[in-house]
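Letters go in sequence order (proteins before strands), and every chain restarts at 1. Being a predicted model, the structure only gives us computed values, none of them experimental.
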Amino acid sequence: MDTARLLEDLNSAQRDAVGHVEGPLLVLAGAGSGKTRVVTRRIAYLLAQGVRPSNILALTFTNKAAAEMRKRVEALTALRGLWVSTFHSTAARLLRQHIQHLGRDPQFTIFDTDDRLKLIKQACDQLKLPSSQWKPSSFAAPISQAKNRLVSPAEFARANSDYFGKTAARVYDTYEKLLMQNNGLDFDDLLLKLTELLASHEEVRHALQQRFQFILIDEYQDTNRAQYLIARMLSDTHHNLHVTGDPDQSIYSWRGADIQNILDFEKDFPEAKVVKLEQNYRSTQNILAAASSVIRNNHQRRHKDLWTENEKGDMAVRFEAIDETDEARQIVRAVRSLQSGGRPLSDLAVFYRTNAQSRVLEDALRNANLAYVIVGGLAFYERREVKDIMAYVRAVVNPKDEVSLERILNVPARGIGDAAARALRAHSASAGCGLLESVRRAPDVPGISSRALKGLERFLGLYDALASLPPRPVADFVRRIIDATGYVQDLQRGGDESADDRIENVWELVSAAESYDQENPDRDIRSFSEESVLATDLDRWDESRDAVTLMTLHLAKGLEFPVVFIAGLEEGLLPHYNSMETEAGIEEERRLFFVGMTRARQRLFLSHAEVRHQFGTVRTNPPSPFLDEIPEKLAQRADSEMEEHPEGDEPAEELEIGDLVRHHRFGLGTVINMEHGRAELTLEVRFQRFGVKKLDAALARLARVR
DNA sequence: CATATCCGTTTTTTT
DNA sequence: AACGGATATG
């Protein structure tokens with residue numbers, strides 16, 4: 001393809017970036033500034049310059065971003081041998097080829113967060129930590145953080161001398177041993193082990209440096225220590241490292257991301273070319289101005305001015321709801337009116353801070369008969385029934401994976417209970433053999449009932465039958481598991497309420513396997529298993545469906561919608577309680593809000609509720625301070641709850657002491673006393689802002705708030 | 001050993 | 001409010 005054509009419809013900054021060939025390149029790409037376009041064009045440009053596709057490595061954070069990038073490069077040029085994939089799957093792939101240099105078995109299984117927790121539990125048991133005092137889940141985050149920062153158990157122990165830290169260090173150490181025994185790597189290990197491999201094995205590092213002469217990294221502001229080192233080491237010979245990112249969209253520090261990586265890029269590579277993309281092609285002037293006025297309040301920030309040639313557009317709309325149900329109702333009403341104005345539902349998205357917020361929205365949309373999709377939450381491959389089936393796959397693929405083995409031993413129930421499992425484990429420990437071997441020796445293992453023995457025999461038959469199956473087609477393999485275990489019949493028999501959903505998911509797994517077969521005729525059950533662990537809900541999202549999209553603000557990064565709703569803009573939710581203690585925490589929350597706002601192309605709706613039901617209790621939340629950072633002239637207030645809820649629509653007789661009520665002037669309050677007079681009922685209400693008032697129930701027109 | 005029931009905990013965000 | 005884990009019961 002001719003190079004002039006690749007440059008012609010770009011602005012000058014974009015052209016600078018695309019036309020850069022040799023040497024480090026930092027592209028500071030503001031929201032909506034055509035970043036993906038620049039990256040894909042640059043790949044095409046490199047190819048046009050004679051760079052071989054196999055010498056290029058493009059790294060992203062999500063499979064979706066990788067797929068999108070691949071698709072767009074493909075539209076420009078042929079790309080056999082080009083690697084475009086996530087950090088994690090790239091690491092997995094490289095480790096399969098080279099991990100034996102670290103003394104590990106290339107047939108490792110990737111353990112997800114659920115598996116990890118089970119191993120941590122095992123570690124706690126081994127260390128005899130009383131469960132009343134220690135929660136296994138409390139160790140997950142510290143261990144993960146340590147790995148992200150390349151801190152070994154020994155170093156962790158040295159750095160943490162307090163009571164919790166010392167215990168966590170022991171758990172970490174034991175957890176690592178268990179991972180090894182199971183021949184497993186957790187998500188963090190994928191990056192960590194690759195870092196170790198590159199650092200300790202010059203010949204591998206060198207070979208990969210030769211292979212990947214041009215490296216591109218997307219969302220560089222979200223890289224953690226390990227990812228940073230991988231980037232540095234891989235690019236150490238040719239220095240052709242091209243990173244793209246936006247410090248204002250750094251929202252993953254809790255996962256170990258270090259914003260310093262992008263801020264220090266020029267220090268790391270003094271010869272780096274820096275390009276700033278500040279023209280926004282996505283949003284209206286009003287939306288952009290509103291978003292800018294928010295992000296401006298961050299102090300830890302490199303100044304940047306986004307601007308656009310787009311039209312002024314509508315003002316952002318800000319509205320207040322009584323509670324989360326009311327908020328959902330108002331959003332539904334707006335959705336309906338947009339729809340009748342000719343908007344397809346696929347134009348609309350609702351973002352929120354926490355997954356728990358999706359439920360009310362979901363209910364409201366369903367009741368209104370509006371199509372919706374929830375992206376995120378419990379990922380498909382994390383659902384119990386899907387994990388059960390996949391555990392069979394994993395147990396067969398990696399016989400050392402005892403987390404999976406234990407999971408399936410008695411699923412569906414075949415008479416192998418706790419006692420039998422314990423006996424098998426004990427035998428493994430004393431005989432020094434694996435759990436599977438103990439299952440084989442079950443007749444000789446003490447403490448196993450005859451019923452359990454029968455079950456174990458059946459299980460073994462099943463296991464061996466599966467182990468001898470051809471690894472392709474994947475769908476046949478999966479179907480065989482379902483048939484042979486009677487998994488679906490078992491669900492039907494159990495007859496619990498969610499059985500239908502679960503059965504549906506099981507069949508959906510089969511169809512996922514079928515499409516995998518179609519799309520990857522050369523791959524097998526092993527690669528299917530691996531890719532499924534790294535798959536997320538976002539990857540499965542079908543954007544073409546005519547439905548409102550619901551997702552968290554985190555997931556929204558990198559996407560855009562003509563119309564965006566951001567719900568739950570309250571202090572405590574955004575910024576979230578757990579992030580409000582430090583300035584850095586609040587700034588990250590503000591960036592999260594900024595990310596959400598800048599997803600919108602034409603319309604932006606911002607809502608908050610005065611009270612919210614959380615953990616079964618009611619919580620009164622003031623509006624998010626971020627809302628007030630938007631100038632009045634940029635956000636029009638729609639005080640629509642008045643029309644929707646005329647006061648006094650609830651007879652006072654229904655009130656009880658303790659009820660939360662809303663008064664048109666005094667706002668929210670709690671009924672603290674009721675006095676029945678001759679003809680009237682006098683209420684005593686303690687208002688949150690106006691103190692205690694005595695009101696005539698017939699006149700006060702109070703609305704009860706659940 | 002399987003099933004039923006209760007209790008406690010959970011929820012911030014995810015590859 | 002809902003799920004999973006622990007406990008009691010059949």
Face-on cation placement of [X] at [Y] ring, 6.0 Å and 45° thresholds:
{"X": "A:R96", "Y": "A:F108", "value": "yes"}
{"X": "A:R619", "Y": "A:Y577", "value": "yes"}
{"X": "A:R70", "Y": "A:W83", "value": "no"}
{"X": "A:R591", "Y": "A:F594", "value": "no"}

Which pairs, with at least one residue in residues 441-459 of chain A and sequence neighbours excluded, count as a side-chain hydrogen bond (donor to acceptor under 3.5 Å, both in side chains)?
A:E437-A:R441

Determine the contact category for A:A379: base if any of its heavy atoms lies under 4.0 Å from a base atom, sugar-phosphate if only primed atoms, P, OP1 or OP2 are that close, otherwise nothing.
nothing

Contact class for A:N410 vs. all strands (heavy atom < 4.0 Å): base, sugar-phosphate, or nothing?
sugar-phosphate

Is a donor on one side and an acceptor on the other found under 3.5 Å between the side chain of A:D490 and the backbone of A:G486?
no

Please name all residues satisfying side-chain hydrogen bond (donor to acceptor under 3.5 Å, both in side chains) with A:D222, sequence neighbours left out, ordered by chain then number.
A:K557

Polar-atom pairs under 3.5 Å, protein N or O versus N or O of nucleotides 13-15 of chain B: list them with distances, or write none.
unit_1 : atom_1 : unit_2 : atom_2 : d
B:dT13 : OP1    : A:N355 : N      : 3.0
B:dT13 : OP1    : A:N355 : ND2    : 2.9
B:dT13 : O4'    : A:R353 : NH1    : 3.3
B:dT13 : O2     : A:W254 : NE1    : 3.1
B:dT13 : O2     : A:R353 : NH2    : 3.3
B:dT13 : O2     : A:H554 : NE2    : 3.3
B:dT14 : OP1    : A:T552 : OG1    : 3.1
B:dT14 : OP2    : A:N355 : ND2    : 3.4
B:dT15 : O3'    : A:F61  : O      : 3.0
B:dT15 : O2     : A:H88  : NE2    : 3.0

Those residues of residues 218-226 of chain A lying under 4.0 Å from DNA chain B by at least one heavy atom:
none

Under a 4.0 Å heavy-atom criterion, the protein footprint on nucleotides 1-10 of chain C, written with B, S and -, is BS-S------

Could you tell me whether A:R425 and A:D125 make a salt bridge, using a distance below 4.0 angstrom between a side-chain N and a carboxylate O?
no

Ring-plane angle category for A:W541 and A:F561, please: parallel below 30°, perpendicular beyond 60°, tilted otherwise.
tilted

With sequence neighbours left out, write down each residue that passes side-chain contact (heavy atoms from CB on, under 4.5 Å) with A:T536, or none if nothing qualifies.
A:L538, A:D539

Assert: residue with more 5' nearest nucleotide on DNA chain B, out of A:N578 and A:G417, is A:G417

